[in-house]
There are 2 protein chains.
Amino acid sequence: MIKVNENYQKLQASYLFSDIAKRISAFQEAYPDREIIKLGIGDVTRSLPRACIDAFHRAVDEMAQDISFRGYGPEQGYSFLREKIAEHDFKARGADISADEIFISDGAKCDTGNIQEIFASDIRVAIPDPVYPVYVDTNVMAGRTGDFDNGRYKNLVYLESTKENGFVPALPREPADLIYLCFPNNPTGATITKEKLQDWVDFARENKSLILFDAAYEAFMRDDTLPKSIYEVKGACEVAIEFRSFSKTAGFTGTRCAYTVVPKTCMAYDTKGEKHPLHSLWNRRHTTKFNGVSYPVQRAAEAIYSKEGKAQVRELSDYYLKNAALIRQEMTALGFECVGGENSPYIWVDGKTDSWKFFDMLLEKAGVVCTPGAGFGKCGQGYIRISAFNSFENVQKAMSKIKQAISL
Amino acid sequence: MIKVNENYQKLQASYLFSDIAKRISAFQEAYPDREIIKLGIGDVTRSLPRACIDAFHRAVDEMAQDISFRGYGPEQGYSFLREKIAEHDFKARGADISADEIFISDGAKCDTGNIQEIFASDIRVAIPDPVYPVYVDTNVMAGRTGDFDNGRYKNLVYLESTKENGFVPALPREPADLIYLCFPNNPTGATITKEKLQDWVDFARENKSLILFDAAYEAFMRDDTLPKSIYEVKGACEVAIEFRSFSKTAGFTGTRCAYTVVPKTCMAYDTKGEKHPLHSLWNRRHTTKFNGVSYPVQRAAEAIYSKEGKAQVRELSDYYLKNAALIRQEMTALGFECVGGENSPYIWVDGKTDSWKFFDMLLEKAGVVCTPGAGFGKCGQGYIRISAFNSFENVQKAMSKIKQAISL
């Protein structure tokens, strides 16, 4: 008899963003004439940088001629892209990462979701709260948690990010083998200093833990004292895997390209305590279950590192950061405490009421879609996340509608 | 302590095609002037159909303007593509598959590799021998097998495809919960009749098994009495998931687009014997761990179903089938028994000696790369797979070089 993976039955309702989409649909059906401004899901709205478009077209043209046509590429990605990443994203910042430690993929969601496969199922997982749901759900599916009870899964270590700790969780007091961290944070927009990140790396080294560092939002950092990569911190190459994405950096959410860094010095252990390089394990997983990213997409991604590409990408993040500054300023002026929005495209707003209630109010009264903080975990209750990904005009309009709705 | 998934230690050496790539590199280094003709890995060599190129460019242009830009799409794929697939690949052949039963992905390798996640870990898996290595390896990684011993993994049911059964395995005599089938077959090129496929579907219905049907090579079928989809067979919608790919159909190996069909009537069971629709489970997996295929790539794939696209795709498979016919004819003339090459791009040749020995001989004496049958399983020993994916000129040249080498 074919049996299902019963761990799926532990999963809570459907995926957060599907839930939101359903509420929006219901609202649109009820009020077909009302305008809706979406500051919910972190999806970019501006076109791809010109340099990417040009490279994309050139690569499509290559695919049109037998002589320049490309079939299967290396599963790990073409070296033209891996080398540029190593050079510009790491070596230029003093992080000693080489091209063959970089695995190109079609999304950080896939990578952060798939990475847990290379670990044992009886490890102890520590996950921030609030958090991007993928880290939790993929570990639930893999059977690393118990049932969901009173808002939390059993057997998970929750790393609480609260107003009290400035939304940077404290080191766990219980053992944690696999630790997810994300800075600039999704959903809170909080950042971490080099000193605090060093504490985490030291903790991992002392406890033989591994850190999964999600840096998908690094392009929005303007404070240069903050670490863009965990590998800017001493000793991280032995205890950390880093995830990056071109989704937010260069507007690739619909184009799909990301990468994962697995340093060759990064180790895990078998039950006998023997060391195994995670680079080989991930390479085996990646080459067995993945066939590489579309060639024209990799060429488009490569263009981000050209002189024009860099300027255009900077212009993109500057644009969204201008939105973020306006959101933070307006919400603060309305009396809401905010975090994020300075080195990140998200503003985490203390709504002073139930998250979904605040979400429904903003949707119904202002026609503005945000993301209810409770959807990201227990500590997200009472908060909403406002995303800066929209046009400046729409953000202005949304803010004035929220102002009106709140003062009603 | 962070522990590894120890199932990876059961995996045999590295992935077949990486092994071959290494031998080719070694040969090229030793003889830098020798020409090599690759009829090994099933990778297409001809450019994308014109209709796909045009649609690809148009979609890239859409990404260049804010007004037409697309960010995150539906994880399951855009309906413009799902609807065309349902209409042309299924309804037109009398198979009752609807658009929302189709999940667009970036590759059949990913899908056939990931699908096992939604099943329990203690199910009994039946896998053909010889076989595409991904089915086996992904189940080893998931812990569904024992150790590798004497050429086979313990706890797997091997479905032997041999000369005796015409390379269509017999129904298993032991219980099998999850059954992988692939027709036209990779690596043997063999096909299955509707009657024999009906036997498998009936077996699955009687035993509450599930069939994973890999139809990645259906575009090469010219005998219209053969089933292109398992859903042309009665009752299959309740017991089968089907995988398709544009890789070989339309030359998308470097462009990346495929799809999986999970009918809503297809069920699996929990330990209490209660039914669960696999459509919901796969949907949960797909939306949690995947972010959809690149928008321009989906537009390029859609163009396959236009009038010009269809003609161009047909012309592509005709071209490779002409190669296949030549390979089969020449190898037969040289005294080798062959199967495949008529409704498939692969010719399975009985080399009458050790597979790797024959592989090395062809590489060293003829400069021709094939794939050693032993790499696909125990029953592949003694065979080689020759792929028709190359230019007609190269295939002619390869055949004349093989003729010379053999007659030496």
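Order of the sequence lines fixes the chain letters, A, B, ..., with proteins taken first and strands second; residue numbering starts at 1 for each chain. Quantities reported herein were computed from a predicted structural model and do not represent experimental measurements. When reading the values below, keep in mind they use all heavy atoms of this one structure, side chains included, and skip hydrogens, waters and symmetry mates.
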- Message: Need one label for A:E62: side chain, backbone, both or neither, based on atoms under 4.5 Å from any heavy atom in chain B.
- Response: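 For A:E62, no heavy atom lies under 4.5 Å from chain B.
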- Task: Counting only heavy atoms closer than 4.5 Å, note whether A:M141 contacts chain B via side chain, backbone, both or neither.
- Result: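 For A:M141, side-chain heavy atoms alone lie under 4.5 Å from chain B.
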Is [X] close to chain A through its backbone or its side chain, or both, or neither, when contacts mean heavy atoms under 4.5 Å?
X	answer
B:D61	both
B:Q298	neither
B:R50	side chain
B:S391	neither
B:Q65	backbone
B:V297	side chain
B:R46	both
B:N207	backbone
B:Q9	side chain
B:I41	side chain
B:I123	side chain

- Mind running side chain to side chain donor-acceptor pair (under 3.5 Å) on A:S105 and A:D111 for me, showing each step along the way? CA-CA 7 Å; A:S105 83; A:D111 287 346; 2.7 Å; yes
[X] side, atom [atom1]; [Y] side, atom [atom2] - distance, nearest 0.5 Å:
X	Y	atom1	atom2	result
B:D106	B:S247	CG	OG	9.5 Å
A:T288	B:D137	OG1	CG	5.5 Å
A:R58	A:S68	CZ	OG	13.0 Å
A:K289	A:C110	NZ	SG	13.0 Å

Using a cut-off of under 4.5 Å on heavy-atom pairs, state which of [options] scores highest against chain A.
options	answer
B:A108, B:G143, B:C52, B:G254	B:G254
B:A59, B:S280, B:A64	B:A64
B:M63, B:H57, B:K208, B:H276	B:H57
B:I118, B:N114, B:D270, B:N291	B:N291
B:I67, B:T138, B:L11	B:L11
B:V293, B:L281, B:L178	B:L281

- Do A:Q312 side-chain atoms and A:A51 backbone N/O form a donor-acceptor pair below 3.5 Å?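 Checked: pair present.
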- Query: Between the main-chain N or O of B:G40 and the side-chain N or O of B:T371, is there a donor-acceptor pair closer than 3.5 Å?
  - Reply: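 Yes, because the side chain of B:T371 sits within donor-acceptor range (under 3.5 Å) of the backbone of B:G40.
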Contact leader toward chain B among [options], where contacts are heavy-atom pairs under 4.5 Å:
options	answer
A:D122, A:I179, A:T253	A:T253
A:N283, A:T112, A:T271	A:T271
A:S209, A:A120, A:G292, A:G113	A:A120
A:G71, A:P49, A:A21, A:A268	A:G71
A:T255, A:V239, A:D43	A:D43
A:L48, A:N7, A:V60	A:V60

- Item | More than 12 heavy atoms of other groups within 6.0 Å of A:K10 NZ |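 More than 12 within 6.0 Å, yes.
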Write down the atom of [X], the atom of [Y], and the distance for their closest heavy-atom approach.
X	Y	value
A:F252	A:C257	CD2-CB, 3.9 Å
A:G77	A:I104	CA-CG1, 3.7 Å
B:E75	B:H286	O-NE2, 3.1 Å

- Task: Side-chain contact test, heavy atoms from C-beta onward, threshold under 4.5 Å: evaluate it for A:T45 versus B:F69 and give yes or no.
- Result: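 Heavy-atom side-chain distance check fails, nothing below 4.5 Å.
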- Message: Do A:I241 and A:W282 have side chains that approach each other closer than 4.5 Å (heavy atoms only, starting at C-beta)?
- Response: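 Counting from C-beta outward, A:I241 and A:W282 never come under 4.5 Å.
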- Task: Step through it carefully: locate the ring centre of B:Y320, locate the ring centre of B:F389, and say whether they are under 6.0 Å apart.
- Result: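 Distance test on ring centres: under 6.0 Å, yes.
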- May I ask you to check if A:R70 and A:Y78 form a cation-pi contact, with NZ or CZ under 6.0 angstrom from the six-membered ring centre and within 45° of the axis?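 Yes, A:R70 and A:Y78 form such a contact.
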